[in-house]
Amino acid sequence: MSQNDLVKTLRMNYLFDFYQSLLTNKQRNYLELFYLEDYSLSEIADTFDVSRQAVYDNIRRTGDLVEDYEAKLALYQKFEQRQAIYKEMKRHLNDTKKIAQYIQQLEELE
């Protein structure tokens, strides 16, 4: 698996975590099996008795859909920003002025 594929899989796993409740059962099942369980398209097709192409099309469309949700809602982006701020806060635990600035940044994200 290439570095690009790993980055895409990691991103899709996060997006799936944030937006899975907005998906249909079929969309959830396909994405979960493909990205989280590392099933192949053929394995998913066999599991649901559909064509490999149908699985591919559904995964592609659902991936586009969760990317669209992210573009509108930015839950993953805000999560990453919060994580970066928490990391900086840990680095500056003894600097109360810096911690206050980080808390303000977190509040602005919400």
Side-chain angles (χ1 to χ4, degrees):
M1 187 178 274
S2 73
Q3 181 70 19
N4 249 3
D5 290 339
L6 288 173
V7 169
K8 180 177 181 176
T9 296
L10 181 61
R11 178 175 174 78
M12 288 306 295
N13 284 334
Y14 274 113
L15 294 179
F16 180 76
D17 284 345
F18 285 110
Y19 300 111
Q20 67 177 307
S21 64
L22 301 174
L23 303 176
T24 67
N25 285 336
K26 182 165 95 173
Q27 291 169 326
R28 258 195 313 274
N29 288 332
Y30 284 13
L31 281 190
E32 184 173 357
L33 291 174
F34 189 73
Y35 286 109
L36 291 136
E37 302 295 329
D38 202 29
Y39 276 43
S40 69
L41 295 175
S42 297
E43 290 170 320
I44 298 169
D46 290 344
T47 300
F48 292 98
D49 196 29
V50 296
S51 71
R52 188 180 173 282
Q53 185 65 43
V55 172
Y56 171 80
D57 290 343
N58 187 288
I59 289 172
R60 186 183 47 76
R61 281 192 314 272
T62 305
D64 291 346
L65 181 62
V66 295
E67 288 288 357
D68 188 48
Y69 290 151
E70 175 61 14
K72 292 175 182 169
L73 301 172
L75 297 179
Y76 178 52
Q77 177 186 348
K78 289 177 184 177
F79 167 78
E80 286 187 315
Q81 290 172 333
R82 281 191 301 274
Q83 293 303 308
I85 292 169
Y86 293 141
K87 184 177 179 180
E88 286 301 307
M89 287 174 75
K90 288 177 184 177
R91 280 182 1 113
H92 296 96
L93 280 176
N94 295 324
D95 185 347
T96 56
K97 185 176 181 180
K98 269 286 203 205
I99 296 295
Q101 289 173 347
Y102 291 130
I103 290 171
Q104 182 180 353
Q105 288 177 358
L106 287 170
E107 289 171 344
E108 289 171 2
L109 281 176
E110 300 308 322

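We use all heavy atoms of the structure for the numbers below, so side chains are in, but hydrogens, waters and symmetry mates are not.
- Summarising the geometry, atom CG belonging to Leu93 is positioned 11.0 Å from atom CD belonging to Glu88; distances are rounded to the nearest 0.5 Å.
- The structure places CD1 of Ile103 at 10.5 Å from CD of Gln101, a figure rounded to the nearest 0.5 Å.
- To the nearest 0.5 Å, the span separating CE on Met89 from CG on Asp95 amounts to 11.5 Å.
- To the nearest 0.5 Å, atom OH of residue Tyr19 and atom OG1 of residue Thr62 are 15.0 Å apart.
- Counting only heavy atoms from C-beta outward, the side chains of Glu67 and Arg11 approach each other to under 4.5 Å.
- A continuous path of Ile, Leu, Val, Met, Phe, Trp and Tyr side chains, each step under 4.5 Å between heavy atoms, connects Leu73 with Leu15, placing both in one hydrophobic cluster.
- The ring pair (Phe, Tyr, Trp, His ring centres under 6.0 Å) pairs that include a residue from residues 45-68 are Tyr30-Phe48, where partners are two or more places apart or lie in different chains.
- Within the 4.5 Å cutoff, the side chain of Tyr35 has no heavy atoms near those of the Phe16 side chain.
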### Query
Going through the distances and angles, do Leu109 and Ile85 end up as a side-chain contact (heavy atoms from CB on, under 4.5 Å)?
CA-CA 11 Å; Leu109 281 176; Ile85 292 169; 4.0 Å; yes

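- Summarising the local packing, CG of Asp5 is surrounded by more than 12 heavy atoms from other residues, nucleotides or ligands at distances under 6.0 Å.
- Clustering ILVMFWY residues whenever any of their side-chain heavy atoms sit less than 4.5 angstrom apart, transitively, puts Phe79 in a cluster other than the one holding Leu106.
- Residues Gln81 and Lys78 are in side-chain contact: their nearest non-hydrogen atoms beyond the backbone lie under 4.5 Å apart.
- Note: the hydrophobic cluster containing Tyr86 does not contain Tyr76 (ILVMFWY, side chain heavy atoms under 4.5 Å, direct or indirect links).
- A donor-acceptor pair is defined here as one N or O able to donate and one able to accept, closer than 3.5 Å; such a pair exists between the side chain of Asn29 and the backbone of Asn25.
- Separation of atoms CD1 (Ile99) and NZ (Lys90) is listed at 11.0 Å; rounding is to 0.5 Å.
- Tracing side-chain contacts under 4.5 Å through hydrophobic residues (I, L, V, M, F, W, Y), one reaches Ile59 starting from Leu22; they form part of the same cluster.
- Side-chain contact of Gln104 with Glu108: a donor-acceptor pair under 3.5 Å is present, judged by distance alone.
- With hydrogens and angles disregarded, a donor-acceptor distance shorter than 3.5 Å links the side chain of Asn13 to the backbone of Thr9.
- Considering only residues two or more places apart in sequence or on other chains, Glu80 meets the salt bridge (Lys or Arg N to Asp or Glu O under 4.0 Å) condition with none of them.
- Side chain of Glu70 to main chain of Leu75: a donor-acceptor pair is present (N/O by atom type, distance under 3.5 Å, no hydrogens or angles).
- Residues Ile44 and Asn58 are not in side-chain contact: their nearest non-hydrogen atoms beyond the backbone lie 4.5 Å or more apart.
- Asn4 is not listed as a side-chain neighbour of Lys8, based on a closest heavy-atom distance of 4.5 Å or more.
- Taking NZ of Lys97 as the start and NE2 of His92 as the end, the distance is 12.5 Å to the nearest 0.5 Å.
- Considering every non-hydrogen atom in both Tyr39 and Phe34, the closest pair reads O-CD1, 3.5 Å.
- Met12 and Val66 make their closest contact through CE-CG2, 3.5 Å (heavy atoms, listed as atom of the first residue, atom of the second, distance).
- Contact record, Arg28 with Leu23: NH1-O, 2.7 Å, taken as the closest heavy-atom pair.
- Considering all non-hydrogen atoms of both residues, Asp38 and Glu43 come closest at O-OE1, 4.3 Å.
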